[in-house]
Amino acid sequence: MSIQIHTQIPDQLWQQAQSMVEQGWINTMDALVTEAIRRYVESHQQELSEHFIKEDIEWGLHGSD
Amino acid sequence: MAQIKAVVIADAGPIIHLDELHCLDILNDYGRIIVPETVWLEVAYHRPQALCAQVNLIRQRAVDFSPQVNALTPLYTLHAGEQEALHLCVAFKDSLLLTDDTAARLAAKNLGVTAHGTLGVLVRAVRRASLSKSEVLELLRAIPSQTSLHVRASLLSEVINDVERFTK
């Protein structure tokens with residue numbers, strides 16, 4: 001399953017990305033965006049873990065289920 | 001007030017960590033605690049005594065496989081146990097996933113599955129009066145020395161402070 005997203009990207013960054021696709025560094029713009037997001041997510045694991053822990057504490061103490 | 005989830009699907013982490021703290025029985029608050037087959041085998045290998053604790057864990061194999069979970073598996077690098085747990089969560093609508101794995105939680109969010117971890121259910125025990133505040137505080141303080149759950153020390157202190165300040 002995949003979802004379609006609509007986003008705004010700075011012009012220069014977009015041109016750099018397009019150039020990388022055209023030069024064959026990556027197959028498609030979709031693949032580039034997916035890879036960029038994956039890398040961001042992977043690099044923020046600790047922040048995410050901590051975010052989830054804080055979410056858990058909020059639910060644990062103040063949730064209703 | 002939201003209804004307590006009738007079905008809990010447990011990943012290995014929370015079962016192991018709660019058993020390390022000898023408080024796995026706080027899960028008795030839930031109707032059914034399902035342990036996916038792959039997770040069961042994982043716990044049996046790493047912490048077999050958890051499967052003999054005073055809580056009714058139901059060993060169950062996923063039979064319906066969600067294409068959404070299959071699609072998310074490479075994106076979040078989900079392990080076999082997490083995958084099976086998510087397949088079961090999709091099959092049992094409105095279930096609760098117990099996991100301490102960040103990737104599994106991200107995938108759960110994507111699937112619209114509610115997920116919480118060890119610290120959440122531990123702290124919830126105070127609100128649900130399954131354990132007293134002082135009992136939970138003692139368990140939280142024992143996490144670094146008694147469990148294999150890794151939490152940054154300053155974050156754990158914040159959690160302890162939150163629980164100390166908690167009043168019903």
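Just so we're on the same page: letters track the sequence lines, and every chain starts at 1.
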Inset, instruction - Spell out, as yes or no, whether a donor-acceptor pair under 3.5 Å connects the side chain of B:Arg127 to the backbone of A:Asp65. - result: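 Yes; judged by distance alone, with no hydrogens or angles, the pair exists.
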Rounded to the nearest 0.5 Å, how far apart are [atom1] of [X] and [atom2] of [Y]?
{"X": "A:Lys54", "Y": "B:Asp162", "atom1": "NZ", "atom2": "CG", "result": "9.5 Å"}
{"X": "A:Gln45", "Y": "B:Leu106", "atom1": "CD", "atom2": "CG", "result": "7.0 Å"}
{"X": "B:Leu155", "Y": "A:Gln46", "atom1": "CG", "atom2": "CD", "result": "9.0 Å"}
{"X": "A:Ile53", "Y": "B:Asp100", "atom1": "CD1", "atom2": "CG", "result": "7.5 Å"}

Inset, instruction - Determine whether more than 12 heavy atoms belonging to other residues, nucleotides or ligands lie under 6.0 Å from atom CG of B:Asp64. - result: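 Atom CG in B:Asp64 is not packed in, count stays at 12 or less.
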Legend entry - Over 12 non-hydrogen atoms of neighbours within 6.0 angstrom of CZ in B:Arg152: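 Yes, enclosed.
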Inset, instruction - Check whether any side-chain heavy atom of A:Trp59 lies under 4.5 Å from a side-chain heavy atom of B:Val123, and answer yes or no. - result: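 In short, these two side chains do not touch, never coming nearer than 4.5 Å.
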Residues 10-19 of chain A, side-chain donor-acceptor partners within the protein, below 3.5 Å, at least two apart:
unit_1, atom_1, unit_2, atom_2, d
A:Asp11, OD2, A:Gln15, NE2, 3.1
A:Ser19, OG, A:Gln23, NE2, 2.8

Path from [X] to [Y] over hydrophobic side-chain contacts below 4.5 Å:
{"X": "B:Val39", "Y": "B:Leu41", "answer": "no"}
{"X": "B:Leu86", "Y": "B:Phe65", "answer": "no"}
{"X": "B:Leu51", "Y": "B:Leu98", "answer": "yes"}
{"X": "B:Val63", "Y": "B:Ile34", "answer": "no"}
{"X": "B:Trp40", "Y": "B:Tyr45", "answer": "no"}

Inset, instruction - Could you please state which residues from residues 110-122 of chain B sit under 4.5 angstrom from chain A, measuring non-hydrogen atom to non-hydrogen atom, sorted by number, or 'none'? - result: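 Expected list: B:Asn110, B:Ala115, B:His116, B:Gly117, B:Leu119, B:Gly120, B:Val121.
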Inset, instruction - Please state whether the side chain, the backbone, both or neither of A:Ser2 comes within less than 4.5 Å of a heavy atom of chain B. - result: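 For A:Ser2, neither part sits under 4.5 Å from chain B.
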Legend entry - With B:Arg105 via salt bridge (Lys or Arg N to Asp or Glu O under 4.0 Å) - residues at least two apart: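 Applying salt bridge (Lys or Arg N to Asp or Glu O under 4.0 Å) to B:Arg105 gives A:Glu55, A:Asp56.
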Inset, instruction - Please state whether the side chain, the backbone, both or neither of B:Leu75 comes within less than 4.5 Å of a heavy atom of chain A. - result: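 Both parts, heavy atoms under 4.5 Å.
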For residues 18-26 of chain B, dump all side-chain donor-acceptor pairs below 3.5 Å to protein atoms at least two apart in sequence or in another chain.
unit_1, atom_1, unit_2, atom_2, d
B:Asp19, OD2, B:Arg47, NE, 2.7
B:Asp19, OD2, B:Arg47, NH2, 3.1
B:Glu20, OE1, B:His17, ND1, 3.2
B:Glu20, OE1, B:Ser148, N, 2.9
B:Glu20, OE1, B:Ser148, OG, 3.2
B:Glu20, OE2, B:Ser148, OG, 2.8

